[in-house]
Q: 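The structure that follows is given in the form of structure tokens.
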Amino acid sequence: MKLATWNVNSLKVRLPQVIEWLKINQPDILCLQETKLSDENFPEHEIAAIGYHSIYTGQKTYNGVAIISKQKGDKIFTALPDFLDEQKRIIAATYNDVRIISVYVPNGEAVESEKYSYKLRWLPALNRWVEIELKNYAKVALLGDFNIAPEDRDVYDPEMWRDKVLCTVPERDAFQNLLSLGFFDSFRLFEKPDKSYTWWDYRMMAFRLNRGLRIDHILLSDALAKTCVACDIDKGMRKIERPSDHAPLMVELRI
DNA sequence: ATGGTAGAGGATCTA
């Protein structure tokens, strides 16, 4: 079983890339973030034409998440139960006995901003709900754009990024609190090269200089982590013409 | 020099 996540930064622009990527990689599950599409504009038919189901919750211009899957899912959730939020940032469904939770965590903009305090309220709400989900399902995967670089080794220039949004202590604590519920960061189950990142700013030749951060993650519950045999960043998708600023991330599970 | 690029939408906002 292959699970993947990809912040596409507009599914309208990236649809041909997503279709091609699905054909080549054949994941069972692909979680998308920043679709930037209202539900009536979601390209469900184009995706169905290559044999994939879609579930989605979106809005115009900003945010928007989806799960693309070979099998149809059930027990679909499109919001956190105890956190009123107009922004479409979470979608979950069950595929056989595997619970898939796909998130687009708020970016936070800057520590002094209202968006940062929203991020620090959003993360505990996620934590509370995921804790319940872990009681109901042994096999849980929490995937997406977390907008958090968990450690200094996940940042190209940790001193420059010290206490900047994506790297602050409260954000990293919130990420550790998620892991403490019983998750493993699948990327760190394996020996990986230094300077492995999933996001590079469009500006200042950041990608060419590999000035990136590892902010997209696939967290696996113990039952799934035991079956995980690979976790890889598809950096090639950041090299092509008109790329997303994020690369896809994918795990392979022996189940 | 507080910049720069991309996407949406049609002036700025978000990242």
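Numbered from 1 within each chain, the chains take letters A, B, ... in sequence-line order. The model shown is predicted, which means the values in this text are computed figures rather than measured ones.
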Q: Classify the side-chain pair A/Tyr118/A/Asp85 by whether it contains a donor and acceptor separated by less than 3.5 Å.
A: yes
Q: To the nearest Å, how far apart are A/Gln87 CD and B/dA8 P?
A: 18 Å
Q: Give me the distance, rounded to whole Å, that separates B/dA8 from B/dG3 when you measure between the C1' atoms they each carry.
A: 23 Å
Q: Considering only B/dA15, B/dG4, B/dG7, which nucleotide approaches the side chain of A/Lys36 most closely?
A: B/dG7
Q: What class does the angle between the rings of A/Phe175 and A/His217 fall in, given that below 30° is parallel, 30 to 60° is tilted and above 60° is perpendicular?
A: tilted
Q: Using the P atom as the point on both nucleotides, what is the distance between B/dG4 and B/dG10, in whole Å?
A: 23 Å
Q: Between A/Arg238 (CZ) and B/dT5 (P), how many Å, whole number?
A: 13 Å
Q: How close or far is atom C1' of B/dT14 from atom CZ of A/Arg203, stated in whole angstroms?
A: 10 Å
Q: Answer yes or no: does a side-chain N or O of A/Lys115 lie under 4.0 Å from OP1 or OP2 of B/dT14?
A: yes
Q: Check whether any side-chain N or O of A/Arg14 sits under 4.0 Å from OP1 or OP2 of B/dG7, and answer yes or no.
A: yes
Q: Output the rounded distance in Å from NZ (A/Lys60) to C1' (B/dA8).
A: 9 Å
Q: CG of A/Asn41 versus P of B/dA8: gap in Å, rounded?
A: 12 Å
Q: Parallel, tilted or perpendicular: which describes the rings of A/Tyr156 and A/Tyr197, with under 30° parallel and over 60° perpendicular?
A: perpendicular
Q: Give the rounded distance in Å between these two atoms: CE of A/Met204 and P of B/dT5.
A: 9 Å
Q: When you measure from the side chain of A/Asn107, which nucleotide among B/dG9, B/dA15, B/dG7 comes out closest?
A: B/dA15
Q: Return yes if a side-chain donor-acceptor contact under 3.5 Å exists between A/Gln59 and A/Lys36, otherwise no.
A: no
Q: Quick one: on DNA chain B, does A/His246 or A/Lys12 contact a more 5' nucleotide (nearest heavy atom)?
A: A/Lys12
Q: Looking at every strand, decide which applies to A/Phe207 at a 4.0 Å heavy-atom threshold: base, sugar-phosphate, or nothing.
A: nothing
Q: Roughly how far apart, to the nearest Å, are B/dT14 and B/dG9 at atom P?
A: 14 Å
Q: Can you tell me how the ring of A/Phe207 sits relative to the ring of A/Trp200, calling it parallel under 30°, perpendicular over 60° and tilted otherwise?
A: perpendicular
Q: For B/dA1 versus B/dT12, give the span between their C1' atoms, rounded off to a whole number of Å.
A: 23 Å
Q: Looking only at side-chain atoms of A/Tyr202, point me to the closest of B/dA8, B/dC13, B/dA6.
A: B/dA6
Q: Rounding to an integer number of Å, can you tell me how far A/Asn9 CG sits from B/dG9 C1'?
A: 15 Å
Q: May I have the distance from A/Asp201 (atom CG) to B/dA15 (atom P), rounded to whole angstrom?
A: 13 Å
